[in-house]
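Presented below is the structure to which this report refers.
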Number of protein chains: 2
Amino acid sequence: MVKMADKKQQITEVKIKAASVASTKDRILDAALELFARKGFDAVSMREIAEEVGIQKSSLYSHFKSKDEILDGIMEFPATELTLVGPKEELDTLIDNLGLEGFMMMSNGVFRDWMKSQKMEKVWRVLCIEMYHNEKIQAFFSNFIDGAISFWTLVFSKMAAKGMIKPLDPAVLANEYFGQYIYLFIEYFLIKYDNTPGSFKRMAEKSIEGHMIFFVEALKK
Amino acid sequence: MVKMADKKQQITEVKIKAASVASTKDRILDAALELFARKGFDAVSMREIAEEVGIQKSSLYSHFKSKDEILDGIMEFPATELTLVGPKEELDTLIDNLGLEGFMMMSNGVFRDWMKSQKMEKVWRVLCIEMYHNEKIQAFFSNFIDGAISFWTLVFSKMAAKGMIKPLDPAVLANEYFGQYIYLFIEYFLIKYDNTPGSFKRMAEKSIEGHMIFFVEALKK
DNA sequence: CCTACCGATCGGTAGG
DNA sequence: CCTACCGATCGGTAGG
C-alpha cells in the first residue's frame with residue numbers, strides 16, 4: 001500500500017515538473033549558453049556552469065560526458081532550426097511569382113524570422129566566437145556558407161536565364177549578396193556585441209535595408 | 001692581455017649577431033606569432049614559446065612582463081604598417097585624375113601591397129582569432145572598420161558630388177564595398193585558414209576582382 | 001545529486 | 001639567461 005502511494009506521488013511530481021520546470025539537462029544548456037555567449041567557451045569553467053545551475057560541478061557529468069558535449073548540445077539548436085526555416089515551395093515557382101524584388105524581400109523576411117529569438121542571438125554569438133578553434137563549429141560554418149553561396153548562385157543563374165536581371169556572373173552576385181550578411185554578423189557578434197534584447201534586430205534591419213535597395217537596383221534591367 | 005683578446009672576440013661576435021641574427025626579443029615575437037597563428041592565444045603556453053625560441057620559460061620574462069605583452073608586441077606590427085601604406089596625395093586630386101575605375105584599382109593595389117608579406121598574413125590570422133576576447137584587438141578592429149567606412153563614405157560622397165557616379169547613398173556604398181573585404185578575411189582567416197605561403201593572395205585576387213567589376217558597374221552612370 | 005579528491009597545466013616569481 | 005619553485009585553476013573521476 002505504501003509503495004503504491006509512493007509511486008502515485010512520483011508520477012504526479014514528474015508531470016508537474018515536465019509542465020512547469022525545465023529539466024536539469026536543459027537548465028545546464030541554458031546556463032552554459034548564457035555564459036559561453038558572454039565570455040567564450042574557454043573562459044567558462046565547469047564550476048561556473050554548475051554554480052549558475054545551482055548544483056555541484058560533478059553532477060554536470062551525470063548529464064554530459066564532457067564540457068565539449070555541452071557545446072555539442074548547444075549547437076544542435078541552430079542545426080534543427082535551419083531545417084524548419086526556408087521556403088517550402090518550388091524555387092522556380094517562387095522566382096516567377098515574386099520577381100526579383102519580391103524574392104529578395106521574402107528572403108529577408110525568412111532571415112529575420114530565423115534570427116528573431118534571443119536564444120538564437122546567443123547561439124550565434126557562441127558560434128562566431130568559437131569558429132576558429134572548434135572543429136565542429138568550423139565545419140558548421142563552412143557548410144553554412146557553402147550552402148548559402150550555392151543556393152544564391154542557383155537563384156541568380158535562374159533569374160539570369162529567365163531574363164529577369166542583367167547578365168552578370170551568378171557566383172559573383174551570390175558573394176555580393178551573401179557577403180553583407182557575414183559582414184553584419186561579424187560586426188555585431190564579434191566586434192560590437194552587446195547583450196541587450198533585440199539589439200541585433202535593430203542593427204540588422206537598418207543595415208540590410210540599404211543593402212537590399214542597392215543590390216536590387218544594381219541587378220535590375 | 002687575455003682580457004683584451006676576450007673583449008675583442010666579444011665585440012666581433014656582437015657585430016656578427018646584430019648583422020645576421022635577430023635579437024632574442026624579435027625571436028620571441030616571431031615564435032609567438034607563428035604559434036598564436038596556428039593555435040590561438042589561449043592554446044599556446046609560455047613554455048611552448050620558450051621551447052620554440054630555445055630558452056627557458058622564465059627567460060621570456062626578461063623581455064616581456066607577461067604573455068599579454070607579447071601579444072601587444074605583435075600588434076604593433078599592423079599598426080605601424082597601416083600608417084606607411086595608403087595614398088599620400090590629396091584625395092580630390094586622386095579622384096579627379098584616376099576616375100572611378102582607376103581609383104578603385106589603385107585602392108586594390110594598396111590593399112595587395114599591404115597584405116603581401118607572410119608575416120602580415122599571420123598577424124591577421126591572430127587578429128581575427130582573438131578579436132572577440134582581447135580588448136585591445138577588439139578596439140583595433142573597431143577603429144579599423146570605422147576608419148575604413150568613414151574613408152569610403154567620404155570618397156563616394158565626393159564622387160557623387162562631382163557627378164562621377166550614380167546618386168546613391170555614400171554610406172551604403174561604403175558598406176557594400178568594404179563589407180566584401182571583411183567577408184574575405186573571415187572566410188580565409190577563420191574558416192578556411194591554411195598555412196601555406198601565398199594562399200591568401202591567391203584566394204583574395206580571384207574574389208576581389210569579381211567584386212570590383214560588379215561594384216564599378218553598379219556605380220557607373 | 002553529493003563530498004572529496006586527482007594529476008596536469010597554467011602564468012608568473014625568487015634568486016642567482 | 002638559468003634552476004627551482006609557487007599558488008591557482010582546470011576538467012574529470014571514485015564512490016556513495
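By convention in this document, chain letters (A, B, ...) are assigned in the order of the sequence lines, proteins followed by strands, and residues within each chain are numbered from 1.
Screening A:Ile95, A:Leu94, A:Thr153 for a side-chain contact (heavy atoms from CB on, under 4.5 Å) involving A:Lys158 leaves a single residue, A:Ile95. B:Trp114 pairs in a ring pair (Phe, Tyr, Trp, His ring centres under 6.0 Å) with only one of the listed residues (B:Phe77, B:Phe200, B:Trp124, B:Tyr181), which is B:Trp124.
In summary, the side chains of B:Ser199 and B:Tyr188 do present a donor paired with an acceptor at a separation below 3.5 Å, with no hydrogens or angles considered. For the residue pair A:Asp68 / A:Ser66, no side-chain donor-acceptor distance below 3.5 Å is found, with atom types taken as modelled.
Atom NZ in B:Lys39 sits about 13 Å away from atom C1' in C:dT9, given to the nearest Å. The nearest whole Å value for the distance from the CD atom in A:Glu51 to the P atom in D:dT9 is 13 Å.
With both pairing distances under 3.5 Å, D:dC2 is matched to C:dG15 as a Watson-Crick or G-U wobble pair. Under the Watson-Crick or G-U wobble criterion, with both distances below 3.5 Å, C:dC10 is paired with D:dG7.
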Under a 4.0 Å heavy-atom criterion, the protein footprint on nucleotides 10-16 of chain C, written with B, S and -, is BBBB---

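Heavy atoms from other residues, nucleotides or ligands lying under 6.0 Å from CD of A:Glu69 number more than 12.
If you look at B:Phe215 and B:Phe156, their ring centroids are closer than 6.0 Å.
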